[in-house]
Each structure stands twice: as C-alpha cells, then as structure tokens.
Amino acid sequence: MDITKLTALELGRKIREGKVGVREAVSAQLAAIEARDKDYNCYITLNREEALRRADAVQEGMDAGRYASPLAGVPVAIKDNICTKGIRTTCASKILGDFTPPYDAAVIERLTAAGMVVLGKVNMDEFAMGSTTETSHFGATKNPWDISRVPGGSSGGAAAAVAAEEAPLALGSDTGGSIRQPSAFCGVTGIKPTYGTVSRYGLIAYASSLDQIGPIGRDVSDCAAMLSLISGSDKRDATSVPQESFDFMDALKDDVKGLRIGIPKGYFSEGLDAQVGDTVLAAAKELEKKGALLSEFDLEAVDYAIPAYYVIASAEASSNLSRYDGVKYGFRAADYGDLQEMYKRTRTQGFGDEVKRRMMIGAFVLSSGYYDAYYNKALKVRAIIKQSFDRAFEKYDVILGPTAPSTALKLGESLSDPLKMYLGDIYTVAVNLAGLPAISLPCGRDKQGLPVGLQLIGRPFGEKDILRAAYSFERTRAYISPVQE
Ligand code: GLN
C-alpha cells in the first residue's frame, strides 16, 4: 500500500484501525516531499522534526482513545499566509523575513485539536496576490501535470502538493479564486466557503472583506471533512457566523434528482477556451442524466466583477499591508538615515512588483479625489452583483460553469502581462464579491492532458447543495493522478 496515494479519510480510517501508524503516515509523506519537491517547489518550510514529534504524541492520544475526528493522525499542508505557532510564516514575501508567529490561526487550533499533523508551509503568490504562484519570493511552484506550466494561484503550492501526493490535504485561502483556480489547474478539488463560515483569525490579511480559508483535497469527501472541522464561530473574528459548528458530511449523497442548476450563458462566450467549455458542458450533461434540472440564464452585471474586484481588493490590501514597516515584523533594510527612509527602503526592498502595484492602485482609488469615482463605485457594483446572484438563487440551487477560462498556462506567460492575468479571474471573483460558497473539482482533461475544473456556486450557506452536486458528479469519473508509478 502506498500511503501517499490514500485520500485523507482513507488514511484516517487506516490509522484508526491501527493498520497504519501516525508516524508511519507522516514519515511516508515527508519522504515523498523530499523525493519530489525539488521538481515542484511546493513547500517553503518543512516542519520535519516537529511533525514527527507530534505524530508520536497523536499516536499516544489515539491509543488512549482521545481523538474522535475521522482526520485524526492525518498530515496536512498549510498555505504560508496562515499563522502557525513556532513555524515560520512568510506569505511568500521577503518583507516577513523569518517571522515566526507566537500563536496559531483559529483553523490550526481546530485541526490540531482534532489530531491532524502540520507537514509544513506551502508556496503561494506573494501575499496571495496573483494567479500563478510565480510572484513568490521563494520561486515559482511547478504544475505536477507538466513542470513547464504554472500550478495556478495564489494557493499554487497547496494545490500542487495535493496533486503531487506531497500531502493528502491542504488549507488554502481564496480572496478572488485562489483555492478554486489552482485546484482546477492541478486536477484536485477545492472549496471556498461562504464568507464568515471559517474564522480568519490568524490568516494574514490580503482583502479582509473577501478572504476565506478553505480546504484543497483529492476528492469532495476529504474537502467536506476538512471544512466541517475548520468551520464555526470564533469570537476573535467579528465576521464569523454565530454557529458553533457545521457538519457537511451528510451532504455527500449521490442524488441530484430535482436539483435546479443554472448555467450563466455569459460564462460560455468569448474568452473561454473551447475545450474547457465543452468539457464543462459535458459535465453538466452528466448531472442532467442523474436527474438534475439544467437551464441557461443571464447572470447580470458579472461583466463588471473584475474591475470591481481589483479596485476593492487593492484598496483593502493597501490598508492591510501598511503594517509592514520594518518595525513590527521580519525584514528591515540595512542602510537608512531617518525613520522615513527606513520605512521607504524596507518597503521598496521587501515587497515584490505585483504587491507594490496593488498597493499603489489601492492608495489611488482610496485617495480623496478618486474615492467616489472608483472605490465607492466599485462598492455599488459589488451590491448589484450580489443582487444578481440573489435573483438567480430564487430559481436555481446551484450555478454551474468553468473555474477558469483555460487550463494551466506556461510559466512566465502572464507575468509580463498583469492585465491578462487579472482577466483570468473572470469566473471566480464575483463569488467572493457576493460572499458565496463555491467548489472547483476536476471534470476532464484537454487535448494536452491538462485538467479542467468545474465550478459549482451555491447560495449563502448553501455548501451542502454544491457538495451534493459535486459528490454526485465525482461518482461518474475516477480520480486521475499526475504522479506516475
Ligand atoms: N488572482 C486573484 C488576485 O490576484 C485572486 C487571489 C486570491 O484569491 N488570493 O487577487
């Protein structure tokens, strides 16, 4: 048995049955990382010694009957913008230097309490700004399906690690698609939960009104289990919902009879790669065969989602990132005269180009002369987009479309053309603007053999609808791994 090929729930079951030891599971995963990660560069920081120590402690706890979670003993990779006590957390930026948080993010507390083991911190676009994982200070992550291609972003390290079997499960974050799009590019499954479902306490902020943490796994069940574990109210995040806990596992039913699925016509027009479009529509037909009711409709105002998103996300980023000044965290420039110069040189040297571009756009749209013309207008567009989804969800339970307009791009292809990269977020950003849940799961491959992602969007707290549809669809095809035997 190859432990690294098991899904997280399968592995959890074997651990509970005593067929696999926790140390054995963690060691197998560390060995796979050490063998493969030089090709893929998924991990920024490996938590080797501590993970093994923890494995023994969890084993002891399990032997004493302490952990009830189906994921107890299962190792997990964490995106490097989620704070982990005692483990360096970089946001893939030079400016955080060797910042080692003195506390755990809420999600880490929860998965630790359940007996999961953190393998290490995985690569991402700097401060989660990007769609390719190429803006990382630690170098790009490569797509396990084809190392000349990007894994998507910004949670590219997380999605690639899961695909490359360097972790059974990972946590990513999604501000405008960063869980779903890399999941699509790497042929794995990822969920962006309804805003407020998962505490953001300890998630290093990019755009606070859009950010959500969510799971990336090799199947829908693993994602549902992980999401059940990490969601629920948290006093330290004022936007977290006042519901103690969630259980998504009962949504995993192979039954879509009568499920009303809306397909936005506009999602299948100009700009969409034809093979991606055909593959996604074929997936919709599969669901129809199983009894789902499909219809096409016009999702109004989504054409304005990208400009509204980039105005709002950049505005929030410019405010959130003002705290990196060379005083409180990590990196400080070596030579400076006075305090102003210290700030300036630290930020000039510490941030990469994409992050600087966002902060400048953000400062501009928030400036007194342009606030109404840009920021305020973007907020109005956001409200209109939300209403447009609300109307759609009066008629449909799930909205179906592609996750991204193409399969994985070549490394370097979009770095030189940021606007092109932004346009690639066309199907994902509106979901964050409206605070909705959405899942991306593999639905086939293009002629080059690259995975295509199917996106299912739900109404607020409609996770169970999209999980049910995703689970049903998943039954129609076997998981395909890029890792050769
Ligand atoms: N690609 C989008 C951006 O660059 C989304 C990133 C994300 O979801 N963190 O902002």
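One-based numbering, in listed order, for ligands and for the atoms of each.
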Backbone N or O of Pro168 within a donor-acceptor pair of the Arg218 side chain at under 3.5 Å?
no
With sequence neighbours excluded, residues passing salt bridge (Lys or Arg N to Asp or Glu O under 4.0 Å) with Glu109
Arg236
With ring centroids as reference points, do Tyr422 and Tyr309 lie under 6.0 angstrom apart?
no
Check for me whether Lys356 meets the cation-pi criterion with Phe351, that is, NZ or CZ under 6.0 Å from the six-membered ring centre and within 45 degrees of the ring axis.
no
What pairs with Ser208 under side-chain contact (heavy atoms from CB on, under 4.5 Å), at least two apart in sequence or on another chain?
Arg200, Ala205, Glu316, Asn320
Would you please write out the protein residues whose heavy atoms approach any atom of ligand 1 to under 4.0 angstrom, listed by chain and number?
Ala128, Met129, Gly130, Ser131, Ser154, Asp174, Thr175, Gly176, Gly177, Ser178, Tyr206, Tyr309, Tyr310, Arg358, Asp425
Could you pull out all residues at least two apart from Thr141 that satisfy side-chain hydrogen bond (donor to acceptor under 3.5 Å, both in side chains)?
Asn123
